[in-house]
Amino acid sequence: MSHTITVHHGDASVQLDAGATALQALKALEAIRGAIVAAELTTTDGTRSEWDLDRPVPDGATVAPVYADTEQGRAILRHSTAHLMAQAVTDLFPGAKWAIGPPIEDGFYYDFDVPAPFTPEDLERIEARMHELARERQRYVREEVPQPAARQEFADQPYKIEIMDLVDDGTILSAVDTAAPDAPSGTAAGEGDRPATEPTFTVYRNVRDLDDGSTEVAWSDLCRGPHVPSTERIPAFKLLRSAGAYWRGREDQPMLQRIYGTAWESKKALQAHLELLEEARKRDHRKLGRDLELTHHPDELGPGLSIFLPNGALVRKQMEDWIRDETLARGYQPVYTPHVAKEDLWRISGHLENYGELMYPGMELDDAGAAYRLKPMNCPFHILAFTSRTRSYRELPLRIAELGTVYRYERSGVVNGMLRARGFTQDDSHIFCRADQVVDEVVGCIAFARDLYAAFGLGEPSRVAVSTRPEGKSIGTDEQWAYAEKALMEAAERSGYDYQVDAGEGAFYGPKIDIHARDAIGREWQLTTIQVDFNLPERFDITYVGDDGQRHRPFMVHRALFGSIERFFAVMVESFNGAFPTWLAPEQVRVLPVADEFDGYATEVADRLRAAGVRVHVEVADATLGNRIREAQTSKVPYTLVVGGSEAEAGTVAVRPYHGPQRKDVALAVFVTEVAEEIATKGVDDAGPDDAGVHASGEDLDA
RNA sequence: GCUGGAGUAGCUCAGUCGGUAGAGCAAUCGCCUCGUAAGCGAUAGGUCAGGGGUUCGAGUCCCCUCUCCAGCUCCA
């Protein structure tokens, strides 16, 4: 080994004494352009890893700074903040056992085993303690500890011991990875992966520098790292809430107390994030549903059930009209089926066996000779439609479609507004086809879904995932699974969607491809689902007659593009912030006469618009104009027309769009043509997920 | 289902130490009537989520249930 090393950054190289740290290397390379939290290092063998700034770099490495204001940098500083929080909890709650504390999107959490759950006051105390500790300028010091010593050090931390048991090859993965112990072991950090002759665990110690020049270990945690060099590099953080969370995410494991927090590269960024959360809260579909009189969820109705009020119903009608028209145009055949059926039907389908606890209980009817059940799915009915007579291969693919309302007795804790409901309507279809038709059918479904997202202004989905065969319980042969999984991936590729594979996340009866979108507070919800099913064709013993005159078993493709109309509606409301594009808006135009002597002209304007198919309403001059304009704006009506003497005389209107600038003296005929055209083309340009909620001056006044 | 938080008028909220319920907006009625985000006045509106308990007295304290919110788990 030489006494000097060479390190690189871009085209630059520099020689340093052996043992030089990443920070020294970056300084020497003049690579630092802003606040950094760590380094990213590529070794001569091409391995890339994140690296502590105070950690010596190996010879030949390429070093790059990780800036605080990047997602990568924030993850590191959030991880370090999680350690700081755990230290504060340990100080304030002696004996607390700590589990895992990873960074997550927009923040971090840490799980603790404590005798009593944290109260909101506890969180305030913990946060205050964190600020005290941060002011001590504690350093984060990395140390590799031999296995036995590590086990001894954390002997009173049963969760840490369990983590060590799970990764006993000496490689401490990130805390996220240890939460999923069956995750494959990835690359270990740097020197850590020396041959396993002396396995070590990485421990990070928070170290205080005392006034007398000595040092003191304040707190230590088993951790892969990396971390910021010092608590000084944590400029802004806030604890948000606490909640229970099962250890290792399993219901049969103890429930720990999780504290969520967020940390940012500056106080300003933290403030901006908190304001964003506040704005998101105002977009909640339940709040907007109330304010805009879209939906109603009275207690008398029951959890997870919705009433669509006239405004919401008009939006929903546009959704339903669109999907019905498109479904017919794409060769589907409509059916209608009932909401209840004999229990036996769900015995045959297997739903009772597999999902019985999530179905509403049976209705015992004395004179019916059998119990009846509310339907949790539409598929058995569509199969009965298929088997209404002998089917020929010439009819395949046979696509049966329905807007089918289903009822699932979801566990009480999971019901969530209209996003997770107990009664909801699927734009459900079942495609019966030959094996060789599956790919084309799935491709067709995905293309259909693409058109739907474009039409309703949701843009690109947050995630597209192909879910493959689950471990353990699943039916079907290896060949069937392999074929269907390949078909779905091929279809996803051909569709142009950037998809990911969710290994083992398929249904027991077949793989699926799902399209997800986010709600106002960033949670992902499955909207579109397309599934290949080998189960039901077997269970119902359905067949078609092939060109060989023999009976063959068809494949079934289940698909729902909105998924749940209620859920899609909720996501859309939040995405548009209640300000629907004109073609979807319940009330498209509101006409305001400036004084009641112009009520007549206002009515005339409204009649012209109504004749052109526009949903229009006149708000007569009982209140002041200012009051009625405010009302129209808070109702998010796309167009408000103001008419008075000059308009009546000239046959014009003054147009005040919800989005965009006002226009005066627009000829009525011109406006009617424009708005009718906009509605006919189902334009979504003026609104959308990105700009909804940021126009509308003074919109927040309605708080 | 589990953990925590919450529930007062249609909505948003106040309600002190336990002393019998309050505001703004909305609604209704009246006055006002030519110009781009709240005109003025009056009236009405409550089983304080429901039930039980403690107390002379409970919106307030205790217990149970329901519902909602966030998270965990689950999601055909």
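Lettering follows sequence order; numbering is per chain, from 1.
- With hydrogens and angles left out, the side chain of A:Arg420 and the base of B:rC74 share a donor-acceptor pair within 3.5 Å.
- OP1 or OP2 of B:rC69 has at least one side-chain nitrogen or oxygen of A:Arg286 nearer than 4.0 Å.
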Can you give one letter per nucleotide of nucleotides 59-66 of chain B, going 5' to 3': B for a protein heavy atom under 4.0 Å from the base, S for sugar-phosphate only, - for none?
--------
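- With hydrogens and angles ignored, no donor-acceptor pair closer than 3.5 Å exists between the side chain of A:Arg523 and the base of B:rA70.
- Taking 4.0 angstrom as the limit, A:Arg539 places none of its side-chain polar atoms (N or O) nearer than this to OP1 or OP2 of B:rA76.
- With the nearest nucleotide of RNA chain B identified for both A:Tyr509 and A:Glu251, A:Glu251 has the one nearer the 5' end.
- In this structure, A:Trp525 has its ring center at least 6.0 angstrom away from the ring center of A:Phe568.
- With distances taken from any side-chain atom of A:Ala654 to the nucleotides B:rU36, B:rU73, B:rU3, the minimum falls on B:rU36.
- A:Phe671 has its ring centre less than 6.0 Å from the ring centre of A:Tyr639.
- Base pairing in RNA chain B gives the following stems of 3 or more Watson-Crick or G-U pairs, range against range and under 3.5 Å: B:1-7 with B:66-72, B:10-13 with B:22-25, B:27-31 with B:39-43, B:49-53 with B:61-65.
- In this structure, A:Arg422 is positioned above the aromatic face of A:Tyr409, its NZ or CZ under 6.0 Å from the six-membered ring centre and within 45° of the axis.
- Between A:His558 and A:Tyr509, the angle of the ring planes stays under 30°, which puts this pair in the parallel group of the 30/60° scheme.
- Residue-to-nucleotide contacts include no donor-acceptor pair under 3.5 Å from the side chain of A:Tyr260 to the base of B:rG4.
- The main-chain N or O of A:Phe580 is never found under 3.5 Å from a side-chain atom of A:Lys636 such that the two would form a donor-acceptor pair.
- Across every non-hydrogen atom of A:Ala421 and A:Glu410, the tightest pair is O-CG, 3.7 Å.
- Within 3.5 Å, a donor on the side chain of A:Ser646 pairs with an acceptor on the base of B:rG35, or the reverse.
- At least one side-chain nitrogen or oxygen of A:Ser412 sits closer than 4.0 Å to the OP1 or OP2 atom of B:rG1.
- Toward the 5′ end of RNA chain B lies the nearest nucleotide of A:Leu256, the other residue of the pair A:Ala595 and A:Leu256 mapping further downstream.
- Among the protein residues, A:Lys512 comes within range of the sugar-phosphate backbone only, with heavy atoms under 4.0 Å from sugar or phosphate atoms but none that close to a base.
- Ring-centre distance between A:Phe381 and A:Trp346: below the 6.0 Å cut-off.
- Residue A:Arg290 places at least one side-chain N or O closer than 4.0 Å to OP1 or OP2 of B:rU12.
- Here A:Asn416 pairs with A:Arg286 under the side chain to side chain donor-acceptor pair (under 3.5 Å) rule; sequence neighbours left out.
- Dashed line: the shortest gap from a side-chain N or O of A:Asn627 to OP1 or OP2 of B:rA37 is not under 4.0 Å.
- Ring centroid separation for the pair A:Phe112 and A:Tyr110 comes in under the 6.0 Å cut-off.
- Between the side chain of A:Arg411 and the base of B:rU73, at least one donor-acceptor pair of N or O atoms lies under 3.5 Å.
- Ring-plane geometry between A:Phe508 and A:Tyr355 is classed as tilted, the angle between the planes lying from 30 to 60 degrees on a 0 to 90 degree scale.
- Look at the P atom in both B:rG52 and B:rA58: the space between them is 13 Å, to the nearest Å.
- Note on A:Glu647: a base of the nucleic acid sits closer than 4.0 angstrom, heavy atoms only.
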